[in-house]
Number of protein chains: 2
Amino acid sequence: MSNDEHSILHEIRQAQPFSTPAQEATVALMRTADVVRRRIAATMEPFGITTQQYNVLRILRGAGEGGLPTLEIAQRMIEEAPGITRLLDRIEKKGWVKRRRCAEDRRQVLVSITPEGLALLAAMDEAVLAADNGALGSISDADLRVLMRVMDRIRNPPA
Amino acid sequence: MSNDEHSILHEIRQAQPFSTPAQEATVALMRTADVVRRRIAATMEPFGITTQQYNVLRILRGAGEGGLPTLEIAQRMIEEAPGITRLLDRIEKKGWVKRRRCAEDRRQVLVSITPEGLALLAAMDEAVLAADNGALGSISDADLRVLMRVMDRIRNPPA
DNA sequence: TCGAATTGCTTGACACGACAACTAATTAGT
DNA sequence: ACTAATTAGTTGTCGTGTCAAGCAATTCGA
(Lines give C-alpha, C1' and ligand atoms only; values in the text may rest on other atoms or scores of the structure.)
Protein backbone atom coordinates (compact mmCIF):
# COMPACT_ATOMS: atom_id res chain seq x y z
CA MET A 1 0.00 0.00 0.00
CA SER A 2 1.20 3.50 -0.79
CA ASN A 3 0.80 4.30 2.86
CA ASP A 4 4.31 2.99 3.42
CA GLU A 5 5.60 6.15 1.85
CA HIS A 6 4.89 8.21 4.90
CA SER A 7 4.56 5.72 7.69
CA ILE A 8 6.11 6.47 11.05
CA LEU A 9 8.59 3.69 10.57
CA HIS A 10 9.72 5.24 7.35
CA GLU A 11 9.97 8.69 8.88
CA ILE A 12 12.13 7.44 11.70
CA ARG A 13 14.13 5.01 9.62
CA GLN A 14 14.47 3.00 12.76
CA ALA A 15 16.35 -0.21 12.25
CA GLN A 16 14.31 -2.00 14.89
CA PRO A 17 10.58 -2.06 14.48
CA PHE A 18 8.52 -0.93 17.43
CA SER A 19 7.93 -3.35 20.20
CA THR A 20 4.26 -2.58 20.54
CA PRO A 21 1.48 -0.66 18.81
CA ALA A 22 1.20 1.56 21.88
CA GLN A 23 4.85 2.49 21.56
CA GLU A 24 4.51 3.24 17.88
CA ALA A 25 1.43 5.34 18.54
CA THR A 26 3.27 7.27 21.23
CA VAL A 27 5.98 8.28 18.79
CA ALA A 28 3.40 9.13 16.16
CA LEU A 29 1.53 11.31 18.62
CA MET A 30 4.66 13.32 19.41
CA ARG A 31 5.56 13.84 15.80
CA THR A 32 2.03 14.71 14.81
CA ALA A 33 1.75 17.31 17.53
CA ASP A 34 5.08 18.78 16.45
CA VAL A 35 3.98 19.04 12.85
CA VAL A 36 0.72 20.76 13.75
CA ARG A 37 2.42 23.05 16.26
CA ARG A 38 4.79 24.19 13.56
CA ARG A 39 2.04 24.83 11.06
CA ILE A 40 0.18 27.00 13.51
CA ALA A 41 3.31 28.82 14.64
CA ALA A 42 4.00 29.62 11.00
CA THR A 43 0.68 31.44 10.64
CA MET A 44 1.29 33.45 13.81
CA GLU A 45 4.86 34.40 13.06
CA PRO A 46 4.05 37.11 10.48
CA PHE A 47 2.18 38.94 13.24
CA GLY A 48 5.26 38.96 15.44
CA ILE A 49 3.69 36.78 18.10
CA THR A 50 4.28 33.24 19.30
CA THR A 51 1.58 30.67 19.92
CA GLN A 52 2.03 30.91 23.67
CA GLN A 53 1.75 34.68 23.64
CA TYR A 54 -1.30 34.39 21.42
CA ASN A 55 -2.90 31.93 23.81
CA VAL A 56 -2.42 34.29 26.71
CA LEU A 57 -4.05 37.12 24.77
CA ARG A 58 -6.96 34.87 23.83
CA ILE A 59 -7.50 33.95 27.46
CA LEU A 60 -7.33 37.58 28.53
CA ARG A 61 -9.73 38.67 25.81
CA GLY A 62 -12.20 36.19 27.22
CA ALA A 63 -11.60 37.53 30.70
CA GLY A 64 -12.59 41.09 29.81
CA GLU A 65 -11.94 44.33 31.67
CA GLY A 66 -11.11 42.96 35.08
CA GLY A 67 -8.31 40.78 33.84
CA LEU A 68 -7.03 37.65 35.55
CA PRO A 69 -4.43 36.90 38.21
CA THR A 70 -1.17 35.49 36.87
CA LEU A 71 -1.58 31.98 38.20
CA GLU A 72 -5.09 31.73 36.86
CA ILE A 73 -3.61 32.25 33.41
CA ALA A 74 -0.97 29.64 34.14
CA GLN A 75 -3.69 27.14 34.98
CA ARG A 76 -5.54 27.69 31.76
CA MET A 77 -2.40 27.15 29.80
CA ILE A 78 -0.93 23.86 31.00
CA GLU A 79 2.04 25.76 32.10
CA GLU A 80 4.02 26.16 35.28
CA ALA A 81 4.03 29.51 37.00
CA PRO A 82 7.62 30.51 36.19
CA GLY A 83 6.95 30.31 32.49
CA ILE A 84 3.96 32.60 32.74
CA THR A 85 5.81 35.31 34.57
CA ARG A 86 8.37 35.69 31.84
CA LEU A 87 5.86 35.16 29.08
CA LEU A 88 3.88 38.07 30.51
CA ASP A 89 7.07 40.11 30.81
CA ARG A 90 7.58 39.85 27.09
CA ILE A 91 3.98 40.49 26.17
CA GLU A 92 3.83 43.48 28.47
CA LYS A 93 6.97 44.90 26.91
CA LYS A 94 5.22 44.73 23.56
CA GLY A 95 2.30 46.67 25.01
CA TRP A 96 -0.34 43.97 24.57
CA VAL A 97 -1.14 43.49 28.26
CA LYS A 98 -0.81 45.48 31.45
CA ARG A 99 -0.29 44.31 35.02
CA ARG A 100 -1.52 45.86 38.24
CA ARG A 101 -1.51 44.86 41.89
CA CYS A 102 -4.86 43.65 43.17
CA ALA A 103 -6.12 45.93 45.95
CA GLU A 104 -7.96 43.26 47.96
CA ASP A 105 -5.17 40.71 47.91
CA ARG A 106 -1.90 42.43 47.34
CA ARG A 107 -0.18 39.15 46.54
CA GLN A 108 -2.07 38.91 43.29
CA VAL A 109 -1.15 40.61 40.06
CA LEU A 110 -4.08 41.21 37.76
CA VAL A 111 -3.27 40.99 34.10
CA SER A 112 -5.51 42.45 31.43
CA ILE A 113 -5.32 42.90 27.70
CA THR A 114 -4.77 46.36 26.25
CA PRO A 115 -6.59 47.91 23.28
CA GLU A 116 -3.46 47.21 21.26
CA GLY A 117 -3.68 43.57 22.26
CA LEU A 118 -7.32 43.41 21.28
CA ALA A 119 -6.55 45.02 17.94
CA LEU A 120 -3.85 42.45 17.28
CA LEU A 121 -6.19 39.59 18.05
CA ALA A 122 -8.86 41.06 15.82
CA ALA A 123 -6.36 41.30 12.99
CA MET A 124 -5.34 37.69 13.52
CA ASP A 125 -8.70 36.03 14.10
CA GLU A 126 -9.46 35.12 10.55
CA ALA A 127 -6.02 33.73 9.73
CA VAL A 128 -5.87 31.70 12.91
CA LEU A 129 -9.28 30.15 12.44
CA ALA A 130 -8.31 29.17 8.94
CA ALA A 131 -5.06 27.66 10.17
CA ASP A 132 -6.67 25.68 12.96
CA ASN A 133 -9.22 24.34 10.58
CA GLY A 134 -6.59 23.71 7.97
CA ALA A 135 -4.41 21.72 10.32
CA LEU A 136 -7.02 19.05 10.78
CA GLY A 137 -9.25 20.10 7.95
CA SER A 138 -8.78 16.93 5.97
CA ILE A 139 -10.13 14.78 8.78
CA SER A 140 -13.75 13.70 8.65
CA ASP A 141 -16.10 14.59 11.49
CA ALA A 142 -16.44 10.95 12.39
CA ASP A 143 -12.69 10.51 12.66
CA LEU A 144 -12.43 13.71 14.65
CA ARG A 145 -14.91 12.35 17.16
CA VAL A 146 -12.94 9.16 17.58
CA LEU A 147 -9.74 11.14 17.82
CA MET A 148 -11.16 13.33 20.56
CA ARG A 149 -12.48 10.38 22.49
CA VAL A 150 -9.21 8.46 22.32
CA MET A 151 -7.15 11.50 23.27
CA ASP A 152 -9.47 12.24 26.17
CA ARG A 153 -8.77 8.76 27.39
CA ILE A 154 -5.03 9.13 26.95
CA ARG A 155 -5.02 12.30 29.02
CA ASN A 156 -7.26 10.78 31.66
CA PRO A 157 -6.56 7.07 31.85
CA PRO A 158 -9.19 5.01 33.65
CA ALA A 159 -8.21 4.55 37.28
CA MET B 1 -22.30 12.46 31.41
CA SER B 2 -19.37 12.32 33.78
CA ASN B 3 -17.15 13.03 30.81
CA ASP B 4 -17.69 16.73 31.39
CA GLU B 5 -15.35 16.48 34.31
CA HIS B 6 -12.31 16.30 32.11
CA SER B 7 -13.43 17.64 28.77
CA ILE B 8 -11.13 19.98 26.90
CA LEU B 9 -13.60 22.80 27.32
CA HIS B 10 -13.52 22.28 31.04
CA GLU B 11 -9.75 22.13 31.13
CA ILE B 12 -9.39 25.38 29.28
CA ARG B 13 -12.29 27.15 30.95
CA GLN B 14 -12.64 29.08 27.75
CA ALA B 15 -15.48 31.55 27.83
CA GLN B 16 -16.18 31.08 24.15
CA PRO B 17 -16.75 27.58 22.85
CA PHE B 18 -14.63 26.46 19.94
CA SER B 19 -15.57 27.58 16.50
CA THR B 20 -15.14 24.18 14.91
CA PRO B 21 -14.49 20.55 15.80
CA ALA B 22 -11.17 20.76 13.95
CA GLN B 23 -10.11 23.66 16.14
CA GLU B 24 -11.11 21.83 19.28
CA ALA B 25 -9.26 18.74 18.16
CA THR B 26 -6.16 20.79 17.43
CA VAL B 27 -6.06 22.06 20.98
CA ALA B 28 -6.75 18.59 22.34
CA LEU B 29 -3.90 17.18 20.27
CA MET B 30 -1.44 19.69 21.72
CA ARG B 31 -2.49 19.07 25.26
CA THR B 32 -2.51 15.31 24.85
CA ALA B 33 0.98 15.30 23.42
CA ASP B 34 2.14 17.50 26.29
CA VAL B 35 0.68 15.14 28.87
CA VAL B 36 2.28 12.09 27.31
CA ARG B 37 5.59 13.87 26.81
CA ARG B 38 5.66 14.70 30.48
CA ARG B 39 4.87 11.16 31.56
CA ILE B 40 7.70 9.79 29.48
CA ALA B 41 10.11 12.50 30.57
CA ALA B 42 9.34 11.56 34.17
CA THR B 43 10.49 7.98 33.60
CA MET B 44 13.70 9.11 31.92
CA GLU B 45 14.60 11.75 34.46
CA PRO B 46 15.88 9.31 37.13
CA PHE B 47 18.52 8.20 34.62
CA GLY B 48 19.75 11.74 34.21
CA ILE B 49 18.74 11.92 30.56
CA THR B 50 16.10 13.84 28.63
CA THR B 51 13.78 12.41 26.02
CA GLN B 52 15.63 14.16 23.21
CA GLN B 53 18.97 12.87 24.39
CA TYR B 54 17.49 9.40 24.74
CA ASN B 55 16.12 9.55 21.21
CA VAL B 56 19.52 10.43 19.83
CA LEU B 57 21.08 7.49 21.63
CA ARG B 58 18.39 5.18 20.32
CA ILE B 59 19.04 6.32 16.78
CA LEU B 60 22.76 5.86 17.21
CA ARG B 61 22.37 2.43 18.72
CA GLY B 62 20.46 1.47 15.60
CA ALA B 63 23.22 2.92 13.44
CA GLY B 64 25.94 0.75 14.91
CA GLU B 65 29.71 1.15 14.77
CA GLY B 66 30.02 3.55 11.89
CA GLY B 67 27.80 6.13 13.45
CA LEU B 68 25.84 8.77 11.57
CA PRO B 69 26.53 12.27 10.30
CA THR B 70 25.04 15.04 12.41
CA LEU B 71 22.41 16.13 9.92
CA GLU B 72 21.22 12.59 9.38
CA ILE B 73 20.40 12.48 13.07
CA ALA B 74 18.64 15.82 12.79
CA GLN B 75 16.46 14.43 10.00
CA ARG B 76 15.40 11.42 12.02
CA MET B 77 14.43 13.63 14.88
CA ILE B 78 12.18 16.31 13.43
CA GLU B 79 14.69 18.83 14.50
CA GLU B 80 16.66 21.65 12.93
CA ALA B 81 20.42 21.39 12.68
CA PRO B 82 21.31 23.93 15.38
CA GLY B 83 19.35 22.01 17.97
CA ILE B 84 21.18 18.80 17.18
CA THR B 85 24.60 20.38 17.43
CA ARG B 86 24.00 21.53 20.96
CA LEU B 87 22.13 18.40 21.92
CA LEU B 88 25.15 16.39 20.83
CA ASP B 89 27.43 18.79 22.72
CA ARG B 90 25.67 17.90 25.94
CA ILE B 91 25.51 14.19 25.27
CA GLU B 92 29.15 14.12 24.31
CA LYS B 93 30.09 15.93 27.49
CA LYS B 94 28.35 13.17 29.41
CA GLY B 95 30.40 10.60 27.54
CA TRP B 96 27.54 8.82 25.79
CA VAL B 97 28.59 9.65 22.22
CA LYS B 98 31.77 10.60 20.40
CA ARG B 99 32.28 12.70 17.29
CA ARG B 100 34.92 12.39 14.61
CA ARG B 101 35.54 14.03 11.26
CA CYS B 102 34.66 11.91 8.25
CA ALA B 103 37.73 11.17 6.15
CA GLU B 104 36.00 11.04 2.75
CA ASP B 105 33.99 14.22 3.22
CA ARG B 106 35.65 16.39 5.78
CA ARG B 107 32.54 18.54 6.11
CA GLN B 108 30.73 15.74 7.85
CA VAL B 109 30.96 14.86 11.51
CA LEU B 110 30.27 11.24 12.27
CA VAL B 111 28.60 10.63 15.59
CA SER B 112 28.56 7.25 17.27
CA ILE B 113 27.41 5.88 20.58
CA THR B 114 29.99 4.87 23.19
CA PRO B 115 29.94 1.72 25.32
CA GLU B 116 28.77 3.94 28.20
CA GLY B 117 25.88 5.11 26.05
CA LEU B 118 24.96 1.55 25.14
CA ALA B 119 25.08 0.55 28.78
CA LEU B 120 22.77 3.40 29.70
CA LEU B 121 20.27 2.39 27.04
CA ALA B 122 20.38 -1.20 28.17
CA ALA B 123 19.68 -0.12 31.73
CA MET B 124 16.75 1.97 30.55
CA ASP B 125 15.15 -0.33 28.00
CA GLU B 126 12.76 -2.09 30.29
CA ALA B 127 11.52 1.03 32.07
CA VAL B 128 11.05 2.90 28.81
CA LEU B 129 9.10 0.15 27.16
CA ALA B 130 6.84 -0.02 30.16
CA ALA B 131 6.35 3.73 30.11
CA ASP B 132 5.59 3.90 26.41
CA ASN B 133 3.11 1.12 26.77
CA GLY B 134 1.67 2.68 29.87
CA ALA B 135 1.15 6.03 28.21
CA LEU B 136 -1.30 4.61 25.74
CA GLY B 137 -1.86 1.31 27.45
CA SER B 138 -5.50 1.90 28.17
CA ILE B 139 -6.31 2.29 24.48
CA SER B 140 -7.67 -0.68 22.61
CA ASP B 141 -5.85 -1.98 19.55
CA ALA B 142 -8.75 -0.99 17.35
CA ASP B 143 -8.65 2.57 18.63
CA LEU B 144 -4.89 2.65 18.26
CA ARG B 145 -5.24 1.71 14.62
CA VAL B 146 -7.71 4.50 14.01
CA LEU B 147 -5.52 6.91 15.92
CA MET B 148 -2.50 6.01 13.82
CA ARG B 149 -4.41 6.35 10.59
CA VAL B 150 -5.87 9.73 11.49
CA MET B 151 -2.54 11.08 12.70
CA ASP B 152 -0.82 9.85 9.56
CA ARG B 153 -3.33 11.86 7.61
CA ILE B 154 -2.82 14.92 9.76
CA ARG B 155 0.92 14.82 9.19
CA ASN B 156 0.50 14.16 5.50
CA PRO B 157 -2.66 15.88 4.30
CA PRO B 158 -3.95 14.77 0.91
CA ALA B 159 -2.60 17.09 -1.76
C1' DT C 1 40.63 25.70 -13.63
C1' DC C 2 38.83 29.31 -10.94
C1' DG C 3 35.20 31.74 -8.87
C1' DA C 4 30.23 30.90 -7.46
C1' DA C 5 26.90 28.07 -5.38
C1' DT C 6 25.97 24.38 -2.25
C1' DT C 7 26.52 21.42 1.73
C1' DG C 8 27.45 20.37 6.61
C1' DC C 9 27.92 22.13 10.60
C1' DT C 10 28.59 25.64 14.37
C1' DT C 11 27.58 29.89 16.95
C1' DG C 12 24.67 33.73 18.56
C1' DA C 13 20.41 35.40 20.11
C1' DC C 14 15.67 34.89 21.65
C1' DA C 15 11.46 32.19 23.26
C1' DC C 16 9.80 28.37 25.99
C1' DG C 17 9.18 24.50 29.50
C1' DA C 18 10.52 22.80 34.00
C1' DC C 19 12.61 22.48 38.61
C1' DA C 20 14.43 24.83 42.77
C1' DA C 21 14.82 28.49 45.82
C1' DC C 22 13.26 32.96 47.48
C1' DT C 23 10.24 37.16 48.74
C1' DA C 24 6.03 39.18 50.11
C1' DA C 25 1.35 38.98 51.57
C1' DT C 26 -2.36 36.40 53.76
C1' DT C 27 -4.42 32.86 56.61
C1' DA C 28 -4.52 29.32 60.23
C1' DG C 29 -3.54 27.53 64.70
C1' DT C 30 -2.68 27.97 69.36
C1' DA D 1 -1.34 38.43 69.05
C1' DC D 2 2.39 35.77 67.29
C1' DT D 3 4.35 32.20 64.90
C1' DA D 4 3.76 28.58 61.29
C1' DA D 5 1.91 27.33 57.04
C1' DT D 6 0.09 28.63 52.69
C1' DT D 7 -0.45 31.36 48.57
C1' DA D 8 1.08 34.37 44.61
C1' DG D 9 4.73 35.55 42.01
C1' DT D 10 9.55 36.21 40.72
C1' DT D 11 14.30 34.88 39.66
C1' DG D 12 18.09 31.57 38.45
C1' DT D 13 19.49 27.73 35.86
C1' DC D 14 19.32 24.13 32.45
C1' DG D 15 17.62 21.91 28.21
C1' DT D 16 15.54 22.65 23.86
C1' DG D 17 13.33 24.77 19.31
C1' DT D 18 14.19 28.27 15.85
C1' DC D 19 15.95 31.81 12.92
C1' DA D 20 19.93 34.23 11.10
C1' DA D 21 24.89 34.34 10.21
C1' DG D 22 29.20 32.53 9.53
C1' DC D 23 32.94 29.11 8.18
C1' DA D 24 35.10 25.35 5.92
C1' DA D 25 34.92 21.69 2.57
C1' DT D 26 33.07 20.25 -1.81
C1' DT D 27 30.83 20.54 -6.17
C1' DC D 28 29.25 23.09 -10.29
C1' DG D 29 29.57 25.87 -14.35
C1' DA D 30 31.54 28.82 -17.68
Side-chain angles (χ1 to χ4, degrees), chain A residues 30-31 33-57 67-94 96-97 99-111, chain B residues 30-31 33-57 67-94 96-97 99-111:
Chain A
M30 298 303 163
R31 298 172 74 90
D34 267 356
V35 166
V36 173
R37 199 189 314 281
R38 251 171 267 203
R39 282 186 204 147
I40 295 178
T43 71
M44 310 265 210
E45 189 253 23
F47 295 93
I49 191 174
T50 67
T51 59
Q52 297 310 309
Q53 295 174 356
Y54 174 82
N55 285 337
V56 169
L57 293 188
L68 288 176
T70 302
L71 291 191
E72 176 64 24
I73 300 172
Q75 271 195 344
R76 298 194 192 186
M77 322 267 292
I78 303 239
E79 222 167 312
E80 308 285 320
I84 293 296
T85 291
R86 283 178 279 237
L87 190 48
L88 289 175
D89 289 346
R90 287 183 286 266
I91 304 180
E92 188 178 29
K93 199 176 302 176
K94 291 182 181 173
W96 295 326
V97 304
R99 292 197 259 204
R100 61 180 193 284
R101 256 350 202 203
C102 173
E104 292 82 56
D105 185 340
R106 295 171 39 69
R107 289 171 305 181
Q108 291 191 341
V109 175
L110 289 178
V111 187
Chain B
M30 297 304 164
R31 298 171 74 90
D34 267 356
V35 166
V36 173
R37 199 188 315 280
R38 251 171 270 201
R39 283 187 203 146
I40 295 177
T43 71
M44 309 266 210
E45 189 254 23
F47 295 93
I49 192 174
T50 67
T51 59
Q52 297 309 310
Q53 295 173 357
Y54 174 82
N55 285 337
V56 169
L57 292 188
L68 288 175
T70 302
L71 290 191
E72 176 65 24
I73 300 173
Q75 270 195 344
R76 298 194 192 187
M77 320 267 294
I78 304 241
E79 223 167 310
E80 307 284 319
I84 294 295
T85 291
R86 283 180 276 242
L87 190 48
L88 290 175
D89 288 346
R90 288 183 286 266
I91 304 180
E92 188 179 28
K93 199 175 302 175
K94 292 183 182 173
W96 294 327
V97 303
R99 291 196 259 203
R100 62 179 193 282
R101 271 313 206 223
C102 174
E104 292 82 55
D105 185 340
R106 295 169 40 70
R107 290 171 303 182
Q108 290 190 342
V109 176
L110 289 178
V111 187

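- Atoms CG (A:D34) and C1' (C:dC16) sit 14 Å apart, rounded to a whole Å.
- With DNA chain D read from its 5' end, the first of the two nearest nucleotides for B:T51 and A:E45 is the one closest to B:T51.
- For the pair A:K94 NZ and C:dA15 P, the computed distance is 6 Å after rounding to whole Å.
- We find the OG1-CG distance between B:T70 and B:L110 to be 8.0 Å, quoted to the nearest 0.5 Å.
- Between B:R101 and B:V109 the shortest side-chain heavy-atom distance falls below 4.5 Å.
- At a threshold of 4.5 Å between non-hydrogen side-chain atoms, the residues B:Q53 and B:V56 do not count as touching.
- Within residues 83-91 of chain B, the residues having any heavy atom under 4.0 Å from DNA chain C are, by residue number, B:T85, B:R86.
- Remark on DNA chain D: of its neighbouring residues A:L68 and A:R38, the 5'-side contact belongs to A:L68, judged by nearest-heavy-atom nucleotide.
- For the pair A:Q53 CD and C:dC14 P, the interatomic distance rounds to 14 Å; values are reported in whole Å.
- Residues from residues 99-108 of chain B that place a heavy atom under 4.0 Å from any atom of DNA chain D, listed by number: B:E104, B:D105, B:R106, B:R107.
- Among all heavy-atom pairs drawn from A:A74 and A:A81, the shortest one is CB-CA, 4.4 Å.
- Taking every heavy atom of both residues into account, A:L88 and A:V97 meet most closely at O-CG2, 4.3 Å.
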Short heteroatom pairs, N/O only, protein and nucleotides 2-5 of chain C, under 3.5 Å:
none

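- A:M77 CE to A:I73 CD1: the interatomic distance, rounded to the nearest 0.5 Å, is 8.5 Å.
- Of all nucleotides in DNA chain D, those with any atom nearer than 4.0 Å to a heavy atom of chain B start and finish, going 5' to 3', at D:dG15 to D:dT26.
- The rotation axes computed at either terminus of the helix from C:dT1-D:dA30 to C:dT30-D:dA1 lie 10° apart, taking five pairs at each end and rounding to 10 degrees.
- B:P69 comes within contact range of the sugar-phosphate backbone alone, with a heavy-atom separation under 4.0 Å but no base atom that close.
- With rounding to the nearest 0.5 Å, the separation of CE in A:M44 from CD in A:Q52 is 9.0 Å.
- A:R90 places none of its side-chain heavy atoms less than 4.5 Å from the side chain of A:T50.
- Residues A:I49 and A:K94 fail the side-chain proximity criterion, which asks for heavy atoms closer than 4.5 Å.
- Contact check for A:L71 versus A:Q75: no side-chain heavy atoms found under the 4.5 Å cut-off.
- Within the 4.5 Å cutoff, no side-chain heavy atoms of A:M30 are placed close to those of B:T51.
- Listed pair A:Q52 / C:dG17 meets the phosphate criterion, a side-chain N or O lying under 4.0 Å from OP1 or OP2.
- Remark: A:E92 pairs with A:R99 by the salt bridge (Lys or Arg N to Asp or Glu O under 4.0 Å) rule, at least two apart or across chains.
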